[in-house]
Amino acid sequence: MKTNKNLISLFIFLLILLAGCEKEENDKDKEKEFEFDFSTGYDGWIGGFSDHADTSTADYNLEFIRTRLPAPLDTTKMALKIGGTNRSDDLFMFIKRKFAGLEPNENYEIEFEIQFASNVPTNQIGVGGPPDAVMLKAGAVLYEPLSILNTTEGIYRMNIDHGLQMNEGKDMINLGTIGVSDTTTQYTLVTKKNKSKPFKIKTNSSGELWVIIGTDSGFESRTELYYNKIKIKFDD
């Protein structure tokens, strides 16, 4: 009789162990991680601009292009260059990408790891604000982020809440400024992460969402960045 009880206990233990392994495997299936280095193309990323007047884009010198990293960095490496002159005192420059294949109607925490080349010094006097008065932001929404002309204002505005310059919005969080150091004189690679503050969102019924990364500027002159590595982890 004692042997039977031991066998039953062992059987129950094995069932619990198998159930735990199955849950762990399912949890891993829900996790998704993506990495982009732009070595072969744009990888689905699209650039855009907002919070600027409805005038010729030449006035703002807006630029988005896949190109090589600038010297003295490794010029054999490719990156997404984005630049603009902040004549509106509020220029928002962004890249966006649609992600599919996630779990439908699932709550995710998103971790960003963004590496970019910047030549912006810190603690300097600038135009309107210091050169590093440009905040890097990242977030996600369930619809495509678009820059839409507000005909009343004559200003292009985003259809998401990305905040205002150094302030966060409900759809994007701050990852830090684009400043490198007080003594910066050349382009340097900078990495920003939000591991301690993941962005939370629930996917739609198709397991899709849009990720957006951008800079919100209070520096009334030109800013140019080169995004060369982006890692995004979706964790349930």
A.B. asks: With sequence neighbours excluded, what pairs up with R157 under the side chain to side chain contact (heavy atoms under 4.5 Å, CB included) test?
C.D. replies: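 With sequence neighbours excluded, R157 shows a side chain to side chain contact (heavy atoms under 4.5 Å, CB included) to D51, D90, N150, E153, I155, given in chain and number order.
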A.B. asks: For Y156 and F49, I'd like to know if the aromatic rings sit close, meaning centre-to-centre distance below 6.0 Å.
C.D. replies: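 Judged by ring-centre distance (under 6.0 Å), Y156 and F49 do not meet the cut-off.
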A.B. asks: For a 4.5 angstrom cut-off between non-hydrogen side-chain atoms, does M135 reach T215?
C.D. replies: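 Result no, sub-4.5 Å side-chain heavy-atom pair not found.
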A.B. asks: If you count heavy atoms of other groups shown closer than 6.0 angstrom to NZ of K192, is the number above 12?
C.D. replies: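 Result for NZ/K192: enclosed.
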A.B. asks: Of all the heavy-atom pairs spanning I232 and F112, show the shortest one and how long it is.
C.D. replies: CG1-CD2, 4.1 Å
A.B. asks: Any side-chain hydrogen bond (donor to acceptor under 3.5 Å, both in side chains) pairs touching residues 133-145, not counting sequence neighbours?
C.D. replies: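 Counting only pairs at least two positions apart or across chains, the side-chain hydrogen bond (donor to acceptor under 3.5 Å, both in side chains) contacts touching residues 133-145 are K96-E144, K137-D216.
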A.B. asks: Identify the heavy atoms of G163 and D161 that sit nearest to each other, and give their distance.
C.D. replies: N-OD1, 3.1 Å
A.B. asks: Hey, could you give me each pair passing salt bridge (Lys or Arg N to Asp or Glu O under 4.0 Å) that has a residue in residues 73-83? Not counting sequence neighbours.
C.D. replies: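 Non-adjacent pairs meeting salt bridge (Lys or Arg N to Asp or Glu O under 4.0 Å): E63-K81, K81-E224.
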A.B. asks: Do K200 and I110 have side chains that approach each other closer than 4.5 Å (heavy atoms only, starting at C-beta)?
C.D. replies: no
A.B. asks: Return each pair, listed once, that meets side-chain hydrogen bond (donor to acceptor under 3.5 Å, both in side chains) where at least one residue sits in residues 203-213; pairs must be two or more places apart or across chains.
C.D. replies: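 Listed by first then second residue: nothing to list.
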A.B. asks: Determine, stepwise, if the pair L69 / Y187 fulfils side chain to side chain contact (heavy atoms under 4.5 Å, CB included).
C.D. replies: CA-CA 9 Å; L69 282 173; Y187 274 100; over 6 Å; no
A.B. asks: Go through V120 and T177 one step at a time and tell me if the side chain to side chain contact (heavy atoms under 4.5 Å, CB included) criterion holds.
C.D. replies: CA-CA 10 Å; V120 175; T177 74; over 6 Å; no
A.B. asks: May I ask you to decide if the ring planes of F234 and F34 are parallel, tilted or perpendicular, using 30° and 60° as cut-offs?
C.D. replies: perpendicular
A.B. asks: Side chains of F116 and L189: does their closest heavy-atom pair fall under 4.5 Å?
C.D. replies: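 A side-chain contact under 4.5 Å is absent here.
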A.B. asks: Can you sort out the partners of K229 under salt bridge (Lys or Arg N to Asp or Glu O under 4.0 Å), two or more places apart, ordered by chain and number?
C.D. replies: none
A.B. asks: Establish, yes or no, whether a centroid distance under 6.0 Å links the rings of F64 and Y227.
C.D. replies: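 No: the rings miss the under 6.0 Å criterion.
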A.B. asks: Quick test of your reading: applying salt bridge (Lys or Arg N to Asp or Glu O under 4.0 Å), list the pairs with at least one residue in residues 164-175, sequence neighbours left out, ordered by first then second residue.
C.D. replies: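 Only E168-K197 qualify under salt bridge (Lys or Arg N to Asp or Glu O under 4.0 Å).
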A.B. asks: Report the distance from atom CD1 of I201 to atom CD of E109, rounding to the nearest 0.5 Å.
C.D. replies: 12.5 Å
